[in-house]
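Comments concern the structure below.
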Number of protein chains: 2
Amino acid sequence: MPRVGLSREKVLAAALALVDREGIAALSMRRLGAELGVEAMTLYYYVPNKDAVLDGLIDMAVSRVTVEPVGPWREWLRAFAVAIRRELLAHPALLPLVATRPVLAPGGLATVERMAAALRAEGFGALEGLQLVNAVATFVVGHTLAEAGRTPGHDEPDVTGVMESLDPGEHPVLVEALRAGLGTPEDHQERFDRALDALLHGLAPRGKS
Amino acid sequence: MPRVGLSREKVLAAALALVDREGIAALSMRRLGAELGVEAMTLYYYVPNKDAVLDGLIDMAVSRVTVEPVGPWREWLRAFAVAIRRELLAHPALLPLVATRPVLAPGGLATVERMAAALRAEGFGALEGLQLVNAVATFVVGHTLAEAGRTPGHDEPDVTGVMESLDPGEHPVLVEALRAGLGTPEDHQERFDRALDALLHGLAPRGKS
DNA sequence: ACGGTATTCTTACGGCGTAAGAGACGTCAA
DNA sequence: TTGACGTCTCTTACGCCGTAAGAATACCGT
């Protein structure tokens, strides 16, 4: 059989493309192989197992988030949060992965370290700074999950359908809020911005900035 | 074969017990049947498919969180957040489910509606109140995922192992923070409390309470 | 005893991750 | 040219999964 010139990187790239196009449920070793014109077992030459593919995917996504921690810490921390959200929204199928797997991959750790170092240089304690970064990161993941989270099986959960069929007698406030724009992109954006501000201003320890 | 006196409720209860005991990955229809002394297909008499079992599980967990929205809104909203976190920590294997599935089940909606109504009675707009509830809920889910989240396959991700093998030269601040208690239960608790306070005080619209 | 309904089981299909090892290809030494 | 060797790919197989289709059983009212 002809050599195809595969590599771990090409395998991961194909996996990301497949997942973006058809969702996480479509990612199987056989299918991924087919996508690359190769049998399933061939992939095991470049990757130890499927879990490694998944870990590779989240590391790809996380590594793309790079923020220069210069200037007022609140500003670049906010930019960090915005960048995570943008990256996650760009690959919503990865959300369940990022949410469930701890961020131990090299890419993520390096970014965290750099931000923590920058914060400590501004007078934060090491633990203090990391708690802050951590709080922001977990908030963003939680928010984005609610905004664009998909159930592994079927993408695009039918939120609107369920919402529209709500009994206004049983859930009057919910119905009213829905008519006022709850769940729209603007609503998500606004809630994200305001909650993020609340965190950034409420978590600064004893008079920083 | 003798009748066993099964029911949807007993199936869900067994599923929850199984998941708590052995993790989400252990929940298969055949295994769940075996747990109940029954063949896999028998379950389909009580439940349309496996997805319905999963939905039932999260509804069970979510429904157990009931908070009486009386008194100062900040206090019962905080109690709500604490209750969600406690429930999720009690069943960490459910976290990936709760995080990925939108909370459309009847139990969750009813609670949300009651809280939104209470907030509106205190002068919040319908949308305003629901945004607040929403922000708190997504924060709690995000935080708890980071605190106790498990990868569906193997429970108890080996955080400590990876952390201990960190190169102090490459990640000095991280290592320092770890020595100072990053990742301990107390650290999680403290970060949760402080971030929650920040949210509750920073998200109140124009001078409420 | 009997008919009907409620409950359970059997069988089967196509898909999954991956262990084990056989086979084909390219390269280089003899 | 030949052969051996490392690199890459394929074939086969196992035991799991969710579940469609329908046969078989157990119970109940008559």
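Only a predicted model underlies this, so the values are computations on that prediction, with no experimental measurement involved. We name chains A, B, ... by the order of the sequence lines, and we start the count at 1 in each one.
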Closer than 4.0 angstrom, basic N to acidic O: yes or no for [X] and [Y]?
X: B:Arg30; Y: B:Glu35; answer: no
X: B:Arg78; Y: B:Asp193; answer: yes
X: B:Arg74; Y: B:Asp197; answer: no

Take atom [atom1] of [X] and atom [atom2] of [N], then tell me their distance rounded to the nearest Å.
X: B:Asn49; N: D:dT19; atom1: CG; atom2: P; answer: 5 Å
X: A:Leu6; N: D:dC8; atom1: CG; atom2: C1'; answer: 10 Å
X: B:Ile24; N: D:dC17; atom1: CD1; atom2: P; answer: 14 Å
X: A:Leu43; N: D:dT11; atom1: CG; atom2: C1'; answer: 15 Å
X: A:Glu39; N: C:dA19; atom1: CD; atom2: C1'; answer: 16 Å
X: B:Leu36; N: C:dT7; atom1: CG; atom2: P; answer: 15 Å
X: B:Tyr44; N: C:dC9; atom1: OH; atom2: C1'; answer: 15 Å

Mapping A:Ala40 and B:Ala40 onto DNA chain C by nearest heavy atom, which one lands closer to the 5' end?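 Between the two, 5'-proximity favours B:Ala40.
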Plane angle bin for B:His143 and B:His188 - parallel if under 30°, tilted between 30 and 60°, otherwise perpendicular: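 Ring orientation, 0 to 90° scale: perpendicular.
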Taking the six-membered ring for Trp, are B:Phe192 and B:Phe139 parallel (under 30°), tilted (30 to 60°) or perpendicular (over 60°)?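 The arrangement is parallel - the two ring planes meet at less than 30°.
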Among D:dC8, C:dT7, C:dT18, the nucleotide that comes nearest once only the side chain of B:Tyr45 is considered: C:dT7
So, is A:Tyr46 near the phosphate of D:dT9, with a side-chain N or O under 4.0 Å from OP1 or OP2? yes
C:dC9 OP1/OP2 closer than 4.0 Å to side-chain N/O of B:Thr42: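 Yes, within the criterion.
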Under 3.5 Å, N/O pairs linking protein and nucleotides 14-16 of chain C:
from   : atom 1 : to      : atom 2 : distance (Å)
C:dC16 : OP1    : A:Ser28 : OG     : 2.8

Are the side chain of B:Arg85 and the backbone of B:Val140 linked by a donor-acceptor contact shorter than 3.5 Å? no
Check the surroundings of atom CZ in A:Arg8: do more than 12 heavy atoms from other residues, nucleotides or ligands lie under 6.0 Å from it?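 Open: at most 12 neighbouring heavy atoms sit under 6.0 Å from CZ of A:Arg8.
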